[in-house]
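Here the structure is laid out as structure tokens; the discussion comes afterwards.
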Amino acid sequence: MAKTKLENLKLGIFVVLGTALLVVATYLIGNRQNMFGKTIPISAIFKNANGLQNGNNVRFSGIKVGTVNKIEMINDTTIRVHMIIEEKVKNHIKKDAVATIGSDGLVGSMLINIVPGEGKSAHIELGDELQSFSRVATQDMLNTLNQTNENAALLTQDLLKVTRSLTQGKGTFGRLLNDSLMAKDLHQTIANLKHTSSEANKMIVQINQIVKQLDFENSATGVLLKDSISGNKMRNVISHLENSSLEIEKMSMNLNAVIGDIKTGKGAINYLATDTVLVRQLETSMENVTEGVKNFNEVTEALKHNFLTRRYFKKKEKEKKMELEKIDEQTP
Amino acid sequence: MGNTSTLFKGMKEFFMEIGDLSHFAARFFKEVLKPPFEFKELMRQCYQMGNRSLTLVTVTGFIIGLVLTLQSRPTLIQFGAVSWMPNMVGISIVREIGPVITALICAGRIASGIGAELGSMRVTEQIDAMEVSGTNPFKYLVITRIMATTLMLPILVIYGDLVALYGSALVENLKGGVSFQLYFNTVFDALSFSDLVPATIKSFFFGFAIGLVGCYKGYYSKKGTAGVGVAANTAVVMASLLLFVIDFIAVFISDIFYEL
């Protein structure tokens, strides 16, 4: 009898423990699906559910706050996802929070991530609809990747061409890489540059010494360097010089035009410069003029001796004499 | 010709067996709700089948969890998915391995025990004596045993699941440095009612099948003392086979209800 009682006790313990385990497991599973405790329903509209299922987790800033309750197709591009979230996080989620569909790791199950909003909006309430952001679908990603691959292929082709040209010594870089003479030249150039720079260095030292020796206070250099009035004057001079050079330029242009006219035109100067016949004619005319003048002189001389005009000429000589005497008196 | 007749004979025996078993099950359902109820005997049988199987289920469950985790680790490490170990092991143990292994262990231990016990009672004409003395042997021997297995197996399965998960967690803790808290958190995160409910309901059917086959084979054993051995042996074989058939049907039904 005692044995039976002990057996019954053991059996009771076993059954109670087993049932308790079942209850605990049920509670743990149910609790994780927000079956117990206070919850509020909210929803979000997506274009693509991306394989989301009832019971998938809802996370807010990475913390599990609820589960997907129902997925409802409104039309071919609108899917409403109903979620239940713990009431205690209601005060942390704002109305402008954004719901996105993501996955738990690379191969994990799908979930909804609620990204916090700006923080200025009010808290969510029962039955609110959150904004949603549809993530890039795998197919879109693959399409982009395909485009990138094609571009990469083109790039590698171009690179191949470039490297071939380089190895064959074509172009500046190719020559730089392959031409030993050029390398020697470059080496020499660099050596020269080095030498030049050292010379320049020495020169700068010498100039420094000269500059140190300069009397900035009293010398013309000092005045040139320091005197602002002289500077202004210099500036004026330079501006005048500039104006003058402009005027000279204009003048030279005019001269050029005149010369051009002379060269091309039919004026007297052009004839003088170019027509040899005219020159001869002119020469002949001049000879005739000279001869004419000689004859005229002779006529004038004859007139001087003529009784009609002799008086006039004498009067002229008298006046001349008078003028000469006046000049002699004035000079000391 | 001889082969064909043997085949027909075999098929006929198979269908007759199924028919007898169905008849036996129908008799159980007919008599289970009728008084008098043999509570004391039911308690005794529950103790015998539940508590006495506990050690066996503990050892088996622990080793199964341990081995499953150890064997899966290299592959999961190759995929870089070793953090999914609790999810994988948790779901496979709760959904399938826990109930089936526990049921098979019980089929081996309980079905053979019942078959041998009832068989020897039949052979030694104890059952006939009970009938003569006015006690309903079916109520006293069969219903109590079938009820005991049906009620005890789900509890054993829950217990076995826990031990197996503990074995798995131990390996993860020792090899992967995963804390027990994180392990069980991940397991319960991965589990849902669609895993636990069908498995628990299935366990009742497993228990029923084990008790039914054990009692049927023992109750109708023949051919003297040799029949006792045959009854025990065939009880185990038939119960194990029936377990897989029930498992197969259960998966289909749970798929309809839960879209696994």
Side-chain angles (χ1 to χ4, degrees), chain A residues 1-37 49 51-59 62-71 83-84 86 103-112, chain B residues 39-55 57-58 76 79-81 83-84 87-88 90-91 93-94 98 102 148 151-163 165-166 184-197 199-201 203 258-260:
Chain A
M1 198 65 191
K3 196 186 169 190
T4 315
K5 274 188 179 174
L6 190 69
E7 280 180 3
N8 281 352
L9 180 71
K10 283 181 182 174
L11 179 68
I13 292 167
F14 172 65
V15 171
V16 167
L17 278 178
T19 316
L21 276 176
L22 184 68
V23 170
V24 168
T26 311
Y27 174 76
L28 284 173
I29 293 168
N31 195 32
R32 270 153 216 279
Q33 294 186 359
N34 296 303
M35 285 185 172
F36 315 111
L52 199 72
Q53 287 179 326
N54 289 351
N56 276 143
N57 289 338
V58 177
R59 285 184 187 164
I63 302 166
K64 187 181 176 268
V65 293
T67 46
V68 172
N69 195 23
K70 188 181 161 192
I71 298 167
M83 299 164 257
I84 45 168
E86 291 167 23
S103 66
D104 192 8
L106 202 61
V107 289
S109 55
M110 304 309 287
L111 51 85
I112 286 189
Chain B
F39 278 115
K40 272 192 179 175
E41 180 61 12
L42 179 66
M43 290 295 129
R44 202 181 71 82
Q45 289 303 329
C46 280
Y47 177 78
Q48 289 294 326
M49 289 163 193
N51 290 41
R52 288 287 171 90
S53 306
L54 214 57
T55 319
V57 171
T58 306
L76 285 179
F79 280 103
S83 63
W84 288 84
N87 303 43
M88 191 203 81
I91 289 176
I93 283 177
V94 171
T102 312
L151 292 173
M152 286 298 108
L153 201 79
I155 299 172
L156 284 173
V157 166
I158 295 286
Y159 182 73
D161 285 353
L162 184 80
V163 174
L165 285 176
Y166 177 75
F184 281 99
N185 265 335
T186 320
V187 167
F188 284 109
D189 257 344
L191 288 176
S192 63
F193 283 120
S194 61
D195 303 315
L196 190 68
V197 173
T200 311
I201 294 171
S203 306
Y258 287 103
E259 292 177 359
L260 294 176

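All heavy atoms count here, side chains included; hydrogens, waters and symmetry mates do not. Quick note on labels: first sequence line is chain A, next is B, and so on, each numbered from 1.
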When only pairs under 4.5 Å are counted, which of B/S192, B/S83, B/P154, B/G80 shares the most heavy-atom pairs with chain A?
B/S192
For B/E41, all residues meeting salt bridge (charged side-chain N to carboxylate O under 4.0 Å, His left out), sequence neighbours excluded:
B/R44, B/R145
Between A/F14 and B/M152, which heavy-atom pair has the shortest distance, and what is it?
CE2-SD, 3.5 Å
When rounded to the nearest 0.5 angstrom, what is the spacing between CZ in B/R52 and NZ in A/K10?
7.0 Å
Give, as side chain, backbone, both or neither, the part of B/L156 having an atom under 4.5 angstrom from any heavy atom of chain A.
both
Most contact-rich option vs chain A, by heavy-atom pairs under 4.5 angstrom, among B/V197, B/V187, B/D189, is B/D189
Heavy-atom contact with chain A under 4.5 Å, split by part of B/N185:
both
To the nearest 0.5 Å, tell me how far A/L17 CG sits from B/I158 CD1.
12.5 Å
Could you list the residues that satisfy side chain to side chain contact (heavy atoms under 4.5 Å, CB included) with A/T26, not counting sequence neighbours?
A/L22, B/F193, B/L196
If I take atom CG from residue A/L11 and atom CD from residue B/Q48, how far apart are they, to the nearest 0.5 angstrom?
10.5 Å
